[in-house]
Structure formats: structure tokens, C-alpha cells
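In what follows, chains are A, B, ... by sequence order, proteins preceding strands, each numbered from 1.
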2 protein chains.
Amino acid sequence: MDTEKYTGILRENGIKVTPQRLEVLRFLDKNRIHPTADDIYRALKKDNPSLSKTTVYNVLDILSKYGLVEVLTISGTESRYDYKSTRHQHFLCTSCGRIVDIHIKGLCMDCMPEKGHKVEEVHGYFKGTCRDCLKGVGG
Amino acid sequence: MDTEKYTGILRENGIKVTPQRLEVLRFLDKNRIHPTADDIYRALKKDNPSLSKTTVYNVLDILSKYGLVEVLTISGTESRYDYKSTRHQHFLCTSCGRIVDIHIKGLCMDCMPEKGHKVEEVHGYFKGTCRDCLKGVGG
DNA sequence: ACCTTATCTGTAATGATTACAATGTAGTAT
DNA sequence: ATACTACATTGTAATCATTACAGATAAGGT
Ligand SMILES: [Mn+2]
Ligand SMILES: [Mn+2]
Ligand SMILES: [Zn+2]
Ligand SMILES: [Zn+2]
């Protein structure tokens with residue numbers, strides 16, 4: 001199921017294809033909820049009981065190194081991971097812990113006024129209380 | 001030296017004044033280099049050998065809770081602290097580890113298009129290689 | 001099948017942060 | 001001034017995400 005898609009992505013980037021890499025990449029593509037490494041580990045361990053958490057970290061490292069996955073440091077206590085797609089920003093609800101996508105303009109690689117630095121990543125992080133939590137509905 | 005300034009700031013915010021709180025606040029005001037908790041601890045311990053690292057964390061907690069200090073999670077591995085002044089963004093050099101201030105427009109509390117969320121913090125994080133490191137001068 | 005090399009796994013170590021209990025301090029009431 | 005109270009500070013132990021490491025495994029080329 002969908003294996004060709006992720007196999008192709010890895011091959012195009014010169015990353016050796018392994019079942020673990022396929023699974024992590026697929027999981028992030030199908031679950032755009034900015035999971036932690038442990039979330040990914042626990043989810044994938046169901047179908048692959050021999051999976052090691054170290055492998056999850058190793059896979060996330062290589063995927064982010066090749067730009068296929070984005071690492072979010074918004075929470076400060078743990079990294080959250082995002083399938084790299086179109087550029088967007090993030091809002092962390094400090095009440096329920098969810099991270100939601102935000103689309104704003106004017107925040108990009110080229111918008112940095114200070115000259116001479118080589119910019120490789122741009123993150124817009126918003127924090128506060130999400131709509132659901134304000135209504136008392138949130139998790 | 002300058003004690004009145006920081007005493008006043010703490011009092012205005014209803015924060016009880018203690019020598020440790022004054023020292024941390026003063027250090028952050030005088031050292032706009034986005035230090036870690038450990039940086040602050042080691043610097044202040046010189047003049048106050050009985051200082052505890054737990055106290056540094058406690059002080060930073062309360063100062064950030066009252067909005068006098070900003071917590072930066074840009075590095076992902078450790079928090080960096082910034083005396084809260086005028087709004088600005090940050091650039092982390094992944095080579096030398098320094099964080100430099102960046103001033104861009106169009107990133108503010110009210111620029112978030114999604115409605116209904118209560119925004120309390122906005123961070124613009126850039127990452128890359130700083131000018132000095134590109135020149136081979138960086139630390 | 002064999003060899004080489006990279007990956008995966010499990011466990012131990014690291015390091016920043018937090019929890020906790022004992023001690024110290026400042027202000028207030030007696 | 002002394003006793004009381006509440007809070008701050010300190011030192012140590014615990015936590016938790018992440019990394020280091022060494023042995024087992026698997027893939028690709030001969
Ligand atoms: Mn996202
Ligand atoms: Mn700054
Ligand atoms: Zn929420
Ligand atoms: Zn640099």
C-alpha cells in the first residue's frame with residue numbers, strides 16, 4: 001500500500017530504502033499531527049514489534065537531513081516532526097498540546113533583512129490557547 | 001549599581017524582590033546574548049558562590065511567567081533566555097551556536113489569520129550559518 | 001554462497017530540567 | 001524583641017528525551 005510512493009521519494013534522494021524508513025515516512029505523510037518520536041515509535045511498534053526507538057530517531061535524523069521531514073522545536077521539551085510539504089507555520093496550544101498549521105505570508109528564506117548570513121530554515125511559531133480549549137472542548 | 005531599576009521592575013510586576021531575582025534580571029539585561037540557564041548560573045556563581053542552579057531555573061520561570069524574560073526554544077536541546085524588550089526575531093547559527101537578533105516586519109500577534117485562537121507568543125526563528133562562520137571567522 | 005557495508009536493535013550513558021525536602025529569610029503579629 | 005507565617009533558596013535525587021555504543025541483522029555486489 002503506497003509503498004512505491006515512498007520508495008520513490010527515498011530513491012530520488014539517494015537514501016537507501018528500508019522498511020523502517022518507509023514506515024516512518026509513510027506515517028508522517030498520513031498523520032499530519034506533528035507527532036513526537038515516541039508517538040511514531042508506539043504507533044509503528046504495533047505492526048513491527050521488533051522496532052527500536054533508536055531506529056526511529058536514526059530514521060528521523062536522516063529524513064530531516066535530506067529535507068523530507070521538518071523538525072519542530074516549538075514545545076521546548078521534545079521535538080515534533082512534520083512531513084515536509086508546502087511552507088507553513090505552526091501554532092502550539094499550551095493547553096492541549098496540539099500543534100496546528102498556520103498559513104501566513106511574509107515569512108520566508110529571503111525575508112531576512114540582515115545580509116551575509118546563509119539561511120537554511122525558517123520557522124514561525126505561535127503559542128497560546130486554541131479555539132477548542134477556549135470553548136472548553138479541547139483535549 | 002542599577003539595583004533600583006530592577007527592583008522597580010520587579011515591584012511593578014508584583015514579584016517579590018530577592019537578590020537572586022535582581023541578579024538574573026540584571027544579567028539578562030546587560031548580556032543580550034541569549035544565554036542558557038547554565039550560562040547564567042556559572043556567571044552569577046562567581047559573585048554568589050551559594051547560588052543554586054535550581055534557583056536560576058525558578059527565577060527564570062517566574063520572570064518568564066510575568067513576561068519580563070522570553071524563552072527561546074530555537075536550539076531544540078536547551079532553552080535560551082532573552083531580556084524582554086522590543087519585538088524581534090532570532091537567527092541561530094548552527095555552526096557557532098550564537099543567536100543573533102533579527103528585525104522583520106509582518107510577524108506579530110495579530111497577523112495570525114486563523115480565527116478563534118488566543119495568541120500569547122510569536123516567534124520567528126531562522127537557522128543557518130552566520131556571516132562570521134561563512135568567512136571562517138566564527139567561534 | 002561469501003564478503004562488505006550499512007542498518008537495526010537493545011542497553012547504557014548523557015544532559016537539561018523538574019521534584020522534593022530541608023534550610024534560610026523577610027515581613028507581620030504578639 | 002520574639003514568635004509566627006509564608007515564601008524563597010539550596011542541594012540532591014529523579015525524570016525524561018535524546019545520544020552513544022556494541023553486537024546482531026540484512027541488503028547489495030562479487
Ligand atoms: Mn505542520
Ligand atoms: Mn533577542
Ligand atoms: Zn487546545
Ligand atoms: Zn556562526
From C/dT9, D/dT10, C/dT17, nucleotide with atom closest to B/Asn48 side chain: D/dT10
Touch class at under 4.0 angstrom, heavy-atom based, for A/Asn58 against every strand present: base
Pair B/Asp38 + B/Lys53: basic N to acidic O under 4.0 Å: yes
Donor-acceptor contact below 3.5 Å, side chain A/Thr94 vs main chain A/Gly128: yes
Comparing B/Thr77 and B/Pro19 on DNA chain D - which has the more 5′ nearest nucleotide: B/Pro19
Separation of C/dG27 C1' from B/Arg11 CZ (nearest whole Å): 13 Å
Minimum-distance nucleotide to A/Tyr57 side chain [options: D/dT19, D/dT9, C/dT9]: D/dT19
Candidates D/dT9, D/dT18, D/dA8 - which lies nearest the side chain of B/Lys16: D/dA8
A/Ser50 side chain, from C-beta outward: closest of D/dT10, C/dT9, C/dA16: C/dT9
Side chain to side chain, A/Val119 and B/Phe91, heavy atoms closer than 4.5 Å: yes
First encountered from the 5' end of DNA chain D, between A/Lys53 and B/Ser52: B/Ser52
N-O pairing of B/Glu23 and B/Arg21 below 4.0 Å: no
Check: C/dT11 base within 3.5 Å donor-acceptor of A/Thr54 side chain: yes
Selected nucleotide, minimal atom distance to A/Glu78 side chain, candidates D/dT18, C/dA16, D/dA8: D/dT18
Nearest to side-chain heavy atoms of A/Thr55, which nucleotide of D/dA8, C/dT9, D/dA17: C/dT9
